[in-house]
Amino acid sequence: MRLAIEQAEQVKGSTYPNPPVGAVILDSDGQIAGVGGTQPVGGPHAEVMALRAAGDRAKGGTAVVTLEPCNHHGRTPPCVDALLASGISAVTFAVSDPNPAAEGGAQRLAEAGVTVSAGVLAGEVEKGPLREWLHKQRTGLPHVTWKFATSVDGRSAAADGSSQWITSEAARADVHRKRAAADAIVVGTGTVFVDDPTLTARRADGSLTSHQPLRVVVGMREVSPDAKVLNDDSHTMLIRTHDPHEVMRSLGDRTDVLLEGGPTLAGAFLRAGVVNRILAYVAPILLGGPITAVDDIGVPSITHAQRWGFDGITAIGPDVRLSLVPN
């Protein structure tokens, strides 16, 4: 299952609007016969890719999948059909499909005599490659991750406004991997004016990754036609509003949204209660000064503080990445 999770992570960002799923086929002796991940929309799902790799060795074997095999005909036939046709004798999956149109795969497999097991490493899959997709399926809303870099004393820039670079090259590379898996990146017009960011996902050599998220600029001010965020590296959406809920409605067809704006935009999204996860990259430096990572979030006293819990603490080079979710 962990190999299947790795496959899912590798295709994350390229499968939208389908979920990033990984699959592994074991032959009748329990040896790995094929692995696969969901292809871009219209292409084969993970189970089909793994079955193709396994060939005849799939007969009498076991399919291990991160998500319950689908049981409906969309752009591609049901994965259950492919599994039954292969002669698979057992299917193990992590998470049940919450989509009413696709559910029922496990029941149909079982009715056909296939041994079905569910819930294997479900927690790792739910917190990992399927986190954002499952949120979208369950709420109908995009999953929003507020990502920011800060000094250990909570500053996002020095007193003179300089912020490149607070965190290490290793942390920045991790951010680009997150961008390459996202559907959209949101910033405010203030960030565009001050930093003139490109908001692209890049490899270590500076080249663009194969998948580029939609760039979203929020605010009432006009953006210069020469701004880098309007170049041809990716598509850009300008949303004339200060209302986070209106932004969410405009991005309603997206699943995985990164909020990378400055302290004002971050404060607005936190006050509106639309942030589902925080990724804080904390560097072991001290800056002091007035420029903090977030402005007012509507907390008048400590008793009204927003309470978050850690669901991951990872060392990245000299820095630390903190992953938090609401309590």
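Keep in mind the model is a prediction, meaning the values are calculated, not measured.
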For the student: nearest non-hydrogen atoms of [X] and [Y], plus distance:
| X | Y | value |
| --- | --- | --- |
| Tyr281 | Lys178 | OH-CG, 3.9 Å |
| Val216 | Ala184 | CG2-CB, 4.2 Å |
| Leu251 | Val186 | CD1-CG2, 3.9 Å |
| Arg277 | Val325 | CG-CG1, 4.4 Å |
| Arg57 | Asp27 | NH2-OD2, 2.8 Å |
| Gly22 | Ala8 | N-CB, 3.6 Å |

If we count only N and O atoms by modelled type, under 3.5 Å, do the side chains of [X] and [Y] hold a donor and an acceptor together?
| X | Y | result |
| --- | --- | --- |
| Gln10 | Glu6 | no |
| Asn231 | Arg215 | yes |
| Thr200 | Thr198 | no |
| Thr292 | Arg155 | no |
| Ser207 | Asp205 | yes |
| Thr241 | Glu246 | yes |

I'd like to know if the side chain of [X] reaches the main chain of [Y], judged simply by a donor and an acceptor atom lying under 3.5 Å from each other, with no hydrogens or angles considered.
| X | Y | value |
| --- | --- | --- |
| Arg321 | Leu279 | no |
| Lys147 | Leu259 | no |
| Thr236 | Val229 | yes |
| Glu68 | Gly105 | yes |
| Lys136 | Gly252 | yes |
| His176 | Arg202 | yes |
| Gln39 | Pro44 | no |
| Ser234 | Pro213 | yes |
| Gln306 | Leu270 | yes |
| Thr15 | Lys12 | no |

Taking the side chain as every heavy atom from C-beta outward, state whether [X] and [Y] have any pair of such atoms under 4.5 Å apart.
| X | Y | value |
| --- | --- | --- |
| Ile166 | Thr150 | no |
| Val217 | Met237 | no |
| Thr38 | Pro20 | no |
| His45 | Cys70 | yes |
| Trp146 | Val294 | yes |
| Ile5 | Pro129 | yes |
| Tyr16 | Thr255 | yes |
| Arg254 | Leu214 | yes |

**Prompt:** Run the side-chain contact (heavy atoms from CB on, under 4.5 Å) check on Phe148 and Glu260 step by step: do they pass?
**Reply:** CA-CA 6 Å; Phe148 66 97; Glu260 293 196 13; over 6 Å; no
Rounded to the nearest 0.5 Å, what separates atom [atom1] in [X] from atom [atom2] in [Y]?
| X | Y | atom1 | atom2 | value |
| --- | --- | --- | --- | --- |
| Trp308 | Leu324 | CH2 | CG | 7.5 Å |
| Ser168 | Asp319 | OG | CG | 3.5 Å |
| Thr264 | Asp295 | OG1 | CG | 4.0 Å |
| Cys79 | Leu51 | SG | CG | 8.5 Å |
| His135 | Leu141 | NE2 | CG | 5.5 Å |
| Leu3 | Thr66 | CG | OG1 | 11.0 Å |

Are [X] and [Y] ion-paired here, with the side-chain N under 4.0 Å from a carboxylate O?
| X | Y | result |
| --- | --- | --- |
| Arg131 | Asp311 | yes |
| Glu222 | Arg240 | yes |
| Arg108 | Asp81 | yes |

Same cluster or not: [X] versus [Y], using hydrophobic residues (I, L, V, M, F, W, Y) connected whenever any side-chain heavy atoms lie under 4.5 Å apart?
| X | Y | result |
| --- | --- | --- |
| Met49 | Leu84 | no |
| Val218 | Val187 | no |
| Val282 | Ile316 | no |
| Leu322 | Phe269 | yes |
| Ile239 | Val192 | no |

**Message:** I'd like to know whether Gln212 forms a side-chain contact (heavy atoms from CB on, under 4.5 Å) with Asp233, so could you lay out the CA-CA distance, the side-chain angles of the two residues, the decisive distance to 0.1 Å, and finally the verdict.
**Reply:** CA-CA 8 Å; Gln212 292 297 317; Asp233 290 343; 5.6 Å; no
**Request:** Let me see the working for His242 and Met220 under side-chain contact (heavy atoms from CB on, under 4.5 Å), right down to the final yes or no.
**Result:** CA-CA 7 Å; His242 288 142; Met220 305 302 293; 3.4 Å; yes
Heavy atoms from other residues, nucleotides or ligands near [atom1] of [X] exceed 12 (cutoff 6.0 Å):
| X | atom1 | result |
| --- | --- | --- |
| Asp56 | CG | no |
| Glu169 | CD | no |
| Arg203 | CZ | yes |

**Request:** Mind checking salt bridge (Lys or Arg N to Asp or Glu O under 4.0 Å) for Asp195 and listing every partner two or more places apart, or none if nothing turns up?
**Result:** none
**Fill in**
Residues passing the salt bridge (Lys or Arg N to Asp or Glu O under 4.0 Å) test with Asp183, sequence neighbours excluded, are none
**Message:** Checking Val24 against Ile32 for the side-chain contact (heavy atoms from CB on, under 4.5 Å) test, could you report, in this order, the C-alpha distance in whole Å, the side-chain angles of both residues, the deciding distance, and whether it holds?
**Reply:** CA-CA 7 Å; Val24 175; Ile32 294 174; 4.3 Å; yes
**Request:** Can you spot which of Val80, Leu109, Asp97 makes a side chain to side chain contact (heavy atoms under 4.5 Å, CB included) with Asn71?
**Result:** Val80
